[in-house]
Amino acid sequence: MAGPAAPAVRSPLLGYALFAAAIAVVWGIEAYAIPWTDPYFTGIVIRIGMSLLAVMGLALVLGFTGQFSLGHAGFMAVGAYGTAMVVIHTGIHPMVGVFLGGLAAAFAGLLVGLPTLRLTGDYLAVVTLGFNGIILVFIQNTPFLGGAAGLTGLPVVTNFGWTFTWVLLGALFIRNLLNSSHGRVFAAVRDNEIALRSLGVDTTRAKVIAFVVGAFWAGVAGGLLSLYRASIFPSQFQFERSIDILAMVVLGGTGSLSGPLIAAAALTALPELLRPIADYRMIIYSLLLIVTMIVRPQGLLGGKELIDLFRRRPAAPKASGGKAA
Amino acid sequence: MSLLELKKTGIRFGGLRAVCDLDLALPQGALHGLIGPNGAGKTTVFNLITGIYAPTEGDILFQGTSIVGAGPTRIAAAGIGRTFQNIRLFAGLSVLDNVKVAFHRHLHATLFESVLRAPRYLQDEARADADARQLLDTFGLLPMAELGADSLPYGLRRRLEIARALATKPKLLLLDEPAAGMNPSEAEELMHLIRWVRETFGVTILLIEHHMAVVMGICERITVLDHGARIAEGTPAEIRKDPVVIEAYLGADVHQETA
Ligand SMILES: Nc1ncnc2c1ncn2[C@@H]1O[C@H](COP(=O)(O)OP(=O)(O)OP(=O)(O)O)[C@@H](O)[C@H]1O
Ligand SMILES: [Mg+2]
């Protein structure tokens with residue numbers, strides 16, 4: 001039985017209006033609620049926002065397109081140092097600096113992705129892992145970038161309002177991309193590359209697009225981080241951070257955007273709220289991953305979105321739905 | 001001029017000559033069969049034509065120009081569509097989206113127009129949606145448009161794969177054992193479908209099939225492969241009588257089977 005066919009294309013006006021309203025709410029909270037909120041708590045919320053940005057990019061690359069990238073923190077580092085350089089050396093608005101930092105990360109993504117994504121198999125995992133390491137070694141040995149001691153004296157601009165403005169922009173960007181012809185192609189890359197090529201679709205190009213977009217939003221997360229506590233250090237972008245982000249995507253569910261975002265919020269907040277166990281973070285993540293793989297290999301919301309859970313009829317798979325990678 | 005021409009085409013996998021010295025010419029509008037025992041090299045011929053493998057010997061011409069080395073994406077874009085012996089649908093996509101993906105190459109909106117839901121994106125989507133639904137309708141698949149492709153019964157999956165290949169508007173369609181796993185009445189229905197596809201879409205068809213009733217029933221000419229080499233080519237009547245083919249492949253019971 002066919003359900004009533006959903007309209008093929010909806011007018012984007014309602015979406016734009018909702019988006020504008022959400023931005024207004026964010027800045028309303030910034031103006032009227034944040035001043036009365038415990039700065040410690042606000043700090044956790046801002047940190048969650050940065051995790052959301054980093055995770056949504058990897059959800060696109062790994063969760064929807066099925067490409068195993070292990071160096072997401074490397075792109076955050078490019079965004080963070082790119083932003084810092086722009087802000088230190090020019091008089092430009094710091095948020096323009098964050099955008100440029102994102103572009104720098106996207107460019108790094110292009111350089112890493114172009115040669116690697118032609119190949120199928122585990123090359124991407126190995127190369128991105130190496131990229132993460134090389135970026136850190138480069139920063140540590142470049143006095144201009146502050147070396148291992150880090151960069152200090154950066155302006156503090158990242159607040160709740162800016163962070164969640166970027167989060168909303170990123171979520172809208174990635175959601176709309178996934179619900180377009182590109183999103184269908186990403187899911188098809190994950191399901192069957194050979195069949196997709198037989199339809200005349202350039203799969204390398206599709207993978208590079210997903211990868212570069214993912215790197216851009218990781219770069220934005222890094223840029224916001226650099227303007228958060230007046231300083232950045234290479235140690236903030238180590239391989240462990242890449243694994244954190246990976247864990248959030250896998251736990252949240254491949255083929256889902258809301259699942260990884262929920263996991264990102266939970267896994268960023270938990271260590272803060274449970275200070276005593278913070279030292280065991282890696283062990284807890286590892287255990288969580290193992291248990292998930294056994295009990296619920298598709299992750300929290302694998303192939304679904306949060307909103308699907310509130311629909312009475314099971315949602316038909318859409319471009320963004322589907323099996324685990 | 002032939003639409004497709006293989007000239008002394010061959011490929012080696014290590015010591016194995018999976019296809020050797022193969023000559024094949026398909027005129028525009030042909031419905032040509034490719035048969036032979038298991039492991040004869042039939043699927044490998046498709047993989048050579050579609051660029052999944054590059055031939056180690058010989059040449060392949062499509063519309064008079066060599067497509068050797070062009071790669072699967074460009075060869076598909078040039079007008080060669082195919083289905084796969086082991087069905088390759090996009091399991092995570094709906095039936096409708098499986099077909100819509102095939103229109104991706106023809107859409108005009110840029111990445112940013114898509115993200116911003118610009119008018120050009122909306123036009124693209126509306127057109128892809130209408131075209132895909134129309135195609136599904138002609139294949140009797142419209143009632144299942146919103147279902148997951150992996151929830152279709154086997155026979156309909158084969159149909160969907162043919163519909164998806166046709167969405168790229170190919171000039172040449174390669175079908176790899178479309179009747180595999182079908183019972184005689186389903187195979188009979190498929191035969192009519194293939195004929196109908198050729199007439200409706202004006203495609204030239206190269207068909208691999210083990211169901212002799214299907215191949216003999218609809219193909220004008222048939223090429224027989226054994227151990228990678230062509231052992232016979234001719235009309236179904238000629239092939240059925242050919243002692244070499246009977247020896248290598250058809251066996252004695254062919255008349256019974258095609259009766
Ligand atoms: N990638 C490959 N590497 C090595 N050998 C291969 C490869 N692809 C095919 N072969 C070999 O080439 C020969 C022909 O295989 P092919 O799949 O073309 O046969 P077929 O005629 O399609 O058989 P079937 O009727 O069983 O589908 C087989 O011996 C097979 O093992
Ligand atoms: Mg075969």
Side-chain angles (χ1 to χ4, degrees), chain A residues 1-13 15-16 64 66 172-206 209 212-213 254-255 303 314-325, chain B residues 50-52 71-84 87-98 100-107 109 111 114-118 121-126 128-130 133 142-151 161 164-165 167-168 170:
Chain A
M1 280 284 289
V9 278
R10 261 174 288 167
S11 161
L13 293 180
Y16 284 140
F64 285 91
L172 181 82
F173 189 104
I174 290 178
R175 178 188 159 281
N176 280 0
L177 186 62
L178 287 171
N179 289 328
S180 76
S181 185
H182 290 281
R184 289 192 288 269
V185 166
F186 295 151
V189 164
R190 183 193 57 191
D191 281 352
N192 205 317
E193 255 188 270
I194 292 185
L196 189 55
R197 282 194 208 122
S198 84
L199 301 175
V201 177
D202 186 343
T203 53
T204 304
R205 191 180 138 85
I209 288 174
V212 167
V213 169
T254 45
K318 48 190 171 74
S320 45
K323 288 191 168 165
Chain B
T50 54
I52 291 180
T73 301
R74 278 168 56 198
I75 290 175
I80 301 182
R82 75 173 288 183
T83 63
F84 297 87
I87 307 174
R88 288 176 179 268
L89 290 173
F90 306 120
L93 295 185
S94 69
V95 169
L96 182 66
D97 282 346
N98 262 272
K100 275 194 191 174
V101 165
F103 295 123
H104 185 72
R105 199 162 56 78
H106 299 294
L107 304 185
L111 185 88
S114 300
V115 166
L116 294 173
R117 301 297 193 232
Y121 160 81
L122 298 176
Q123 284 161 16
D124 271 356
E125 271 303 295
D129 196 77
R133 283 178 192 279
L142 193 55
M144 300 91 177
E146 324 289 332
L147 296 180
D150 55 348
S151 68
E161 217 193 14
R164 185 182 69 178
T168 64

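Chain naming here is simple, since letters A, B, ... match the order of the sequence lines and numbering starts at 1 in each.
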Can you give me the closest heavy-atom contact between B:F90 and B:A149, atom names plus distance?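 That would be O-CB, 3.7 Å.
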Heavy-atom distances under 4.5 Å only: say whether [X] touches chain A with side chain, backbone, both or neither.
X	value
B:R164	both
B:L111	both
B:T168	side chain

Taking every heavy-atom pair that is under 4.5 Å apart, which of A:V185, A:L196, A:I194, A:L177 has the most such pairs with chain B?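 The candidate making the most pairs under 4.5 Å is A:I194.
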Taking only residues two or more places apart in sequence, or in another chain, which ones meet B:R117 in a side chain to side chain donor-acceptor pair (under 3.5 Å)?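 B:R117 satisfies side chain to side chain donor-acceptor pair (under 3.5 Å) with B:Y121 only.
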What residues form a ring-ring contact (aromatic ring centres under 6.0 Å, His included) with A:F173, not counting sequence neighbours?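 ring-ring contact (aromatic ring centres under 6.0 Å, His included) check on A:F173 returns A:W217.
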Any donor-acceptor pair under 3.5 Å from B:E161 side chain to B:L89 backbone: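 Such a contact is absent between B:E161 side chain and B:L89 backbone.
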Indicate yes or no: at least one non-hydrogen side-chain atom of A:V201 is less than 4.5 angstrom from one of A:R184.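 A side-chain contact is absent here, since even the closest heavy-atom pair is not under 4.5 Å.
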Between B:L116, B:N98, B:D124, B:T83, who has the most heavy-atom pairs with chain A when the cutoff is under 4.5 Å?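 Of B:L116, B:N98, B:D124, B:T83, B:L116 has the most heavy-atom pairs under 4.5 Å with chain A.
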